[in-house]
Amino acid sequence: SITYNLVLNGFSKLERLEEVNKLISFMKQNGKFCELVSYNMWLSVLVRYGKLFEARLVVEEMLEKGIEPDIQTYNILISGLCQEVMFSDSSDVMALMRDKGVIPDVCTYCILLHWFCSKGKIGEANRVMDEMVRNDCTPNTVTCNILLNSLWKQGKAMEAEKLLQKMVQRGYELDTVTCNIVINGLCKSGKLEKALDIVNGMWDFGSVVLGDLGHAFLGLVDDHKNKTKCSPDLLSYSTIIYELCNMGRFHEAKKWFVEMKGRKISPDSILYDIFIHGFCKYGKLSSAIHVFQDLKKNCYLTTKSYNFLMHGLSKKGRTDEVYKLKSEMQEHGIPLNVFTYNNLIRCLCENEKAQEATLLMDEMLQAGVAPNASTFCLLVKSFCKVRDFASAKETLEISLKVLGPKD
RNA sequence: UUUUAUUGUCCAU
């Protein structure tokens, strides 16, 4: 069972939904799907994909089999419930938990805190903190990291530094995530050089480098308790490489990439995507294609990677190559999504083939992919380009019916 | 030895 669970976990981390489902039915056929751990994994996949109704059925199945949910099960479900519009208020969620007699743990509070912070509901976030304190639940580094990230995202750099200071005073360990939040915050507020210094410094001093930030926090970190100093990871490098690519500083980006690999950190498909997207943005398509080939050798291909490259190619009207990528995706069983189809439609639009664009729309509906505002926008543009204003108008009217008011 | 919370790309790809 453990072997099966390991593989199941692997597929779900790689977001290979097809394989996850196949493996689960295989396990069920062989009577290997009967443990709480397996159910928790399954639920977490369903919740990640927003399939709450299915998750509910799975819970019922568990209960029928007499498998008692644990706190992890509840936490997974709570993160799912956060996605529901009806739970837009923290007290709703808390009340629900009380009704169920569930004792929240620090993870539970972190899930809620993160949810409200990410929605900019700072008042609600504060109420979660209050509730946490009232229930004698001690915040940990993760809790602080969530708050720290939220402060940076709100542009409150000063308050973020004060929070760091507090963390140190109260003896919280600053970990790699803490450093990455600061690195990202610095990058996004135009202090890239400082961020680069921190990544370098972490190799020697761990989180102690954060003491060099300046302002409130100056020199307050010291490492005599910090026996296991933290090191930069893939995300540290991805963050700074993204920033460099975004500024067109590709030589430096490459230099950091090489340095990272020298430190025995392997790139993932997101890091490759960063390069592809950056090169496309600056019209360096042959470099983008080159990176894509590298990605193919080293990582699982994702729909997103294809889409980034197709987007760059379609903007330049390189239709043949885009279509070649499309068939490649189909050969490899990589699902096409709405953005893939939009990239294809963009090609036809560039080449003034509005009629074929309509066929593509049919194809995507057949494939069960719903168009978005961008799809309609591209179609209307296609029709206007060939001066078929009647069809353009018709398309626009359809889009008004199909899309929400916001779109 | 396996499962839940925080950090990187996109967000009209």
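Proteins come first, then strands; the chains are lettered A, B, ... in the order of their sequence lines, and each starts at number 1. Small disclaimer: the values here were computed from a predicted structure and weren't measured.
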- [ ] Under 4.0 Å between any heavy atoms, over every strand shown, what does A/Leu234 touch: base, sugar-phosphate, or nothing? Just pick one.
- [x] base
Please tell me whether A/Asn180 and A/Ser236 have a donor and an acceptor in their side chains that are separated by less than 3.5 angstrom. yes
Within the 4.0 Å heavy-atom criterion, would you say A/Leu235 contacts the bases, only the backbone, or no part of the nucleic acid? base
When all nucleic acid strands are considered with a 4.0 Å heavy-atom cut-off, which category describes A/Ile2: base, sugar-phosphate, or nothing? base
Quiz item: Looking for any heavy atom pair under 4.0 Å, which part of the strands does A/Ser238 touch: base, sugar-phosphate only, or nothing?
Solution: base
Using a heavy-atom cut-off of 4.0 Å across all strands, would you classify A/Lys153 as base, sugar-phosphate, or nothing?
sugar-phosphate
Taking the C1' atom in each of B/U1 and B/A5, what is the distance between them to the nearest angstrom?
23 Å
Problem set entry | Test item: A/Asp388 side-chain N/O and A/Cys384 main-chain N/O as donor-acceptor pair under 3.5 Å | no
Notebook entry, point to check: On a whole-Å scale, what distance lies between the C1' atoms belonging to B/U9 and B/U13?
Noted result: 11 Å
Margin query: Please give the distance between the C1' atoms of B/A12 and B/G8 as a whole number of Å.
Written below: 23 Å
Checking all strands, does A/Phe308 fall into the base, sugar-phosphate, or nothing category for heavy-atom contacts under 4.0 angstrom?
base
Does A/Asn298 use its side chain to pair, donor to acceptor, with the backbone of A/Asp294 at less than 3.5 Å?
yes
*asked:* Any carboxylate oxygen within less than 4.0 angstrom of a Lys/Arg side-chain nitrogen, looking at A/Glu252 and A/Lys255?
replied: no
Span of RNA chain B engaged by chain A, first through last nucleotide within the 4.0 Å heavy-atom cut-off, is B/U1 to B/U13
Hey, does A/Lys13 reach any base, or is it just sugar-phosphate, or nothing, if we go heavy atoms under 4.0 Å? sugar-phosphate
In A/Asp273, A/Thr340, A/Thr302, A/Asn342, the residue satisfying side-chain hydrogen bond (donor to acceptor under 3.5 Å, both in side chains) with A/Asn307 is A/Thr340
| message | Taking any heavy-atom pair under 4.0 Å as a contact, classify A/Asp175: base, sugar-phosphate, or nothing. | response | nothing
- Task: Mind checking A/Asn9 for me? I need base, sugar-phosphate or nothing, with any heavy atom below 4.0 Å counting as a touch.
- Result: sugar-phosphate
* Taking the six-membered ring of A/Trp256, is NZ or CZ of A/Lys254 closer than 6.0 Å to its centre and within 45° of its axis? -> no
* Check every strand shown and say whether A/Asn342 touches a base, only sugar-phosphate, or nothing at a heavy-atom separation below 4.0 Å. => nothing
Practice task
State whether the side chain of A/Tyr172 and the backbone N or O of A/Pro139 hold a donor-acceptor pair below 3.5 Å, judged by distance alone.
Solution key: yes
For A/Arg48, answer base if it contacts any base atom (sugar-phosphate contacts may also be present), sugar-phosphate if it contacts only those atoms, and nothing otherwise; contact means non-hydrogen atoms under 4.0 Å. nothing
Over all strands shown, is A/Ile181 touching base, sugar-phosphate only, or nothing at heavy-atom distances under 4.0 angstrom? sugar-phosphate
